Q: 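Quick one: the structure is below, and I'll ask about it shortly.
A, B, ... follow the sequence lines: proteins, then strands. Residue 1 opens every chain. Note that the coordinates shown come from a computational prediction; the quantities given were computed from them, not determined experimentally.
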Protein chains: 2
Amino acid sequence: MAAKTPKHVAVILFPGFQLLDITGPLDTLNILSRSTPLRLSILAATLDPVSTALPISTPYLSTLTPSSPPDSPFAQSIVPTHTFDTAPAGIEVLIIPGGFGSRAEENVTPVVEFVQAAYPTLTYLLTVCTGSAIVAKSGVLDGRRATSNKKAFAWVKAQNAEVKWVAKARWVVDGNVWTSSGVAAGIDMIYAWVEDIWGTDVAEELADSSEYERNRDSKKDRFAERWGATD
Amino acid sequence: MAAKTPKHVAVILFPGFQLLDITGPLDTLNILSRSTPLRLSILAATLDPVSTALPISTPYLSTLTPSSPPDSPFAQSIVPTHTFDTAPAGIEVLIIPGGFGSRAEENVTPVVEFVQAAYPTLTYLLTVCTGSAIVAKSGVLDGRRATSNKKAFAWVKAQNAEVKWVAKARWVVDGNVWTSSGVAAGIDMIYAWVEDIWGTDVAEELADSSEYERNRDSKKDRFAERWGATD
């Protein structure tokens with residue numbers, strides 16, 4: 001078990017976030033919270049429920065969801081607990097998802113500003129999928145090793161060349177920053193992170209309870225080749 | 001591709017639902033909806049956001065969440081689009097999650113009534129985890145093969161002895177009813193279901209895009225033995 005076990009977890013939501021990027025890790029932490037003191041803050045630009053759909057006004061929306069009516073998207077909304085401006089003090093762990101919304105400038109700007117202000121006092125920063133592309137814009141990843149979604153890897157790399165992007169990895173740890181590959185890889189990362197802090201027995205009990213078959217090797221990743229991602 | 005491809009999917013939420021039970025399958029369908037016409041209805045008892053936390057009034061809540069303050073649970077809420085009473089006509093696919101909330105009588109009764117009314121016109125009924133225990137109470141599973149969460153299997157079997165419960169299975173298909181094992185097994189089931197309807201290429205493209213390593217064998221299941229589940 002790590003010397004300092006964090007208690008206060010915050011996650012960030014923005015319109016067009018990828019649902020599983022954040023709900024995969026959260027479901028594991030939900031179960032962990034039954035036996036371990038944990039607190040959750042869900043942060044967004046406003047207190048309105050945040051949809052996995054991009055706003056109708058997004059210029060390139062029609063290119064992404066050709067089959068879903070824009071006034072009735074196939075989407076879900078999660079309710080924030082705080083805005084970026086009213087975020088509680090003492091956040092120790094920050095988790096940032098990706099998704100097509102990570103490409104919308106109006107989504108990214110407030111997240112980047114929040115990360116820049118919050119990072120110095122965080123114990124851990126975790127990103128899933130293109131969440132690392134958002135954090136890359138904050139400067140926090142400069143000089144660090146990090147990974148991201150493999151299908152979007154060329155776009156991600158173009159966001160910040162100062163990051164040591166690692167194509168072939170399920171997830172990457174550099175200091176207190178954990179970055180995972182696309183979508184489902186976030187589930188493997190969160191179990192590895194739980195294992196690092198609370199130990200193997202706790203992580204295995206959680207995964208077995210969720211009937212999840214973990215991918216335990218952070219370096220094993222067939223999706224880099226599948227999607228032509230290179231460092 | 002199946003002769004009839006369904007378009008209108010509905011999911012049911014109730015207090016204390018297991019987040020990944022429903023967001024695993026939905027994330028896959030979210031991506032599928034970008035290339036395939038799909039419509040989603042999110043049903044619950046009321047239009048209030050539905051929390052993964054059980055209501056504070058639930059008698060046994062304190063036994064389930066000893067470390068989480070009941071007035072500030074480590075939980076998330078998803079926004080419904082319709083109530084059971086205002087559910088739109090034409091629902092073709094119904095997906096029901098499990099979770100500790102499936103043990104709360106006040107949660108289960110309206111879901112059971114909705115399933116009984118809706119099943120005759122459904123093309124497919126899918127359950128994840130202890131969602132099958134809820135459906136078992138509707139009578140729809142009587143005489144059918146079905147599976148469920150392995151850690152909760154003894155409790156699930158006790159809900160209805162007329163169901164042919166299958167302990168060792170990642171998921172089970174009987175007619176138009178698909179039931180999966182606990183939590184993460186729902187992700188494997190949804191890819192198998194997508195494959196059955198839209199074909200292998202579509203399912204593989206979706207899984208690779210989500211960087212998900214599928215468990216493709218419905219009969220392979222180490223969790224029945226892990227948790228002592230028997231038929």
Side-chain angles (χ1 to χ4, degrees), chain A residues 9 11 18-24 26-40 42 49 51-53 64-69 72-79 81 129 149-151 170 180-185 187-188 207-213 215 221-223 226-227, chain B residues 9 11 18-24 26-40 42 49 51-53 64-69 72-79 81 129 149-151 170 180-185 187-188 207-213 215 221-223 226-227:
Chain A
V9 177
V11 298
Q18 186 75 30
L19 185 67
L20 191 60
D21 285 11
I22 202 70
T23 60
L26 280 177
D27 194 66
T28 300
L29 298 179
N30 284 354
I31 300 175
L32 180 63
S33 78
R34 295 187 191 129
S35 57
T36 299
L38 287 177
R39 173 184 173 190
L40 177 66
I42 304 175
S51 176
T52 57
L64 298 174
T65 58
S67 298
S68 186
S72 174
F74 194 101
Q76 305 81 41
S77 294
I78 293 180
V79 184
T81 61
C129 197
N149 180 296
K150 297 309 153 56
K151 203 173 175 179
R170 189 72 175 160
S180 90
S181 289
V183 197
I187 303 177
D188 292 316
D208 283 358
S209 295
S210 295
E211 302 188 33
Y212 182 69
E213 297 287 8
N215 301 290
D221 171 37
R222 70 177 177 84
F223 297 107
R226 169 67 177 88
W227 296 114
Chain B
V9 177
V11 299
Q18 186 76 30
L19 185 66
L20 191 59
D21 285 12
I22 202 70
T23 60
L26 280 177
D27 194 67
T28 300
L29 298 179
N30 284 353
I31 300 176
L32 180 63
S33 78
R34 295 187 191 129
S35 57
T36 300
L38 287 176
R39 174 184 172 188
L40 177 66
I42 304 176
S51 177
T52 58
L64 298 174
T65 58
S67 298
S68 186
S72 174
F74 195 101
Q76 305 80 40
S77 294
I78 294 180
V79 184
T81 61
C129 196
N149 181 295
K150 296 309 151 56
K151 203 172 177 181
R170 188 73 174 160
S180 91
S181 288
V183 198
I187 303 178
D188 292 316
D208 284 357
S209 295
S210 295
E211 302 189 33
Y212 182 68
E213 297 287 6
N215 301 290
D221 172 37
R222 71 178 177 85
F223 298 106
R226 169 68 178 89
W227 296 113

Q: Which residue in the set Asn30(A), Thr23(A), Asp27(A) passes side-chain hydrogen bond (donor to acceptor under 3.5 Å, both in side chains) when paired with Gln76(B)?
A: Asn30(A)
Q: Grab the two heavy atoms, one from Leu38(B) and one from Leu29(B), that are nearest each other, plus how far apart they are.
A: CD1-O, 3.8 Å
Q: Would Lys151(A) pass as a cation-pi partner of Trp227(A), given that its NZ or CZ must be under 6.0 Å from the six-membered ring centre and within 45 degrees of the axis?
A: yes
Q: Residues in ring pair (Phe, Tyr, Trp, His ring centres under 6.0 Å) with Phe223(B), at least two apart?
A: none
Q: Who are the side chain to side chain donor-acceptor pair (under 3.5 Å) partners of Asp188(A), not counting sequence neighbours?
A: Arg170(A), Tyr212(A), Asn215(A)
Q: Of all of Ala185(A), Gly24(A), Gly182(A), Cys129(A), which one pairs up most often with chain B through heavy atoms under 4.5 Å apart?
A: Gly182(A)
Q: Go through the atoms of Val11(B) and report whether side chain, backbone, both or neither lie under 4.5 Å from a heavy atom of chain A.
A: neither
Q: Please report the closest heavy-atom contact between Lys150(A) and Glu211(B), naming both atoms and the distance.
A: N-OE2, 2.7 Å
Q: Using a cut-off of under 4.5 Å for heavy-atom pairs, which of Asp221(B), Thr81(B), Asn149(B), Thr28(B) has the most such pairs with chain A?
A: Asn149(B)
Q: Contact part of Ile78(B) toward chain A, heavy-atom cut-off under 4.5 Å: side chain, backbone, both or neither?
A: both
Q: I'd like to verify something: which residue of Ala75(B), Ala207(B), Pro49(B) has the highest number of heavy-atom pairs under 4.5 Å with chain A?
A: Ala75(B)
Q: Is it the backbone or the side chain of Ile31(B) that comes under 4.5 Å from a heavy atom of chain A, or both, or neither?
A: side chain
Q: Taking side chain as everything from C-beta outward and backbone as N, CA, C, O, which of these in Thr52(B) sits under 4.5 Å from a heavy atom of chain A? Side chain, backbone, both or neither.
A: side chain
Q: Taking side chain as everything from C-beta outward and backbone as N, CA, C, O, which of these in Asp21(B) sits under 4.5 Å from a heavy atom of chain A? Side chain, backbone, both or neither.
A: neither
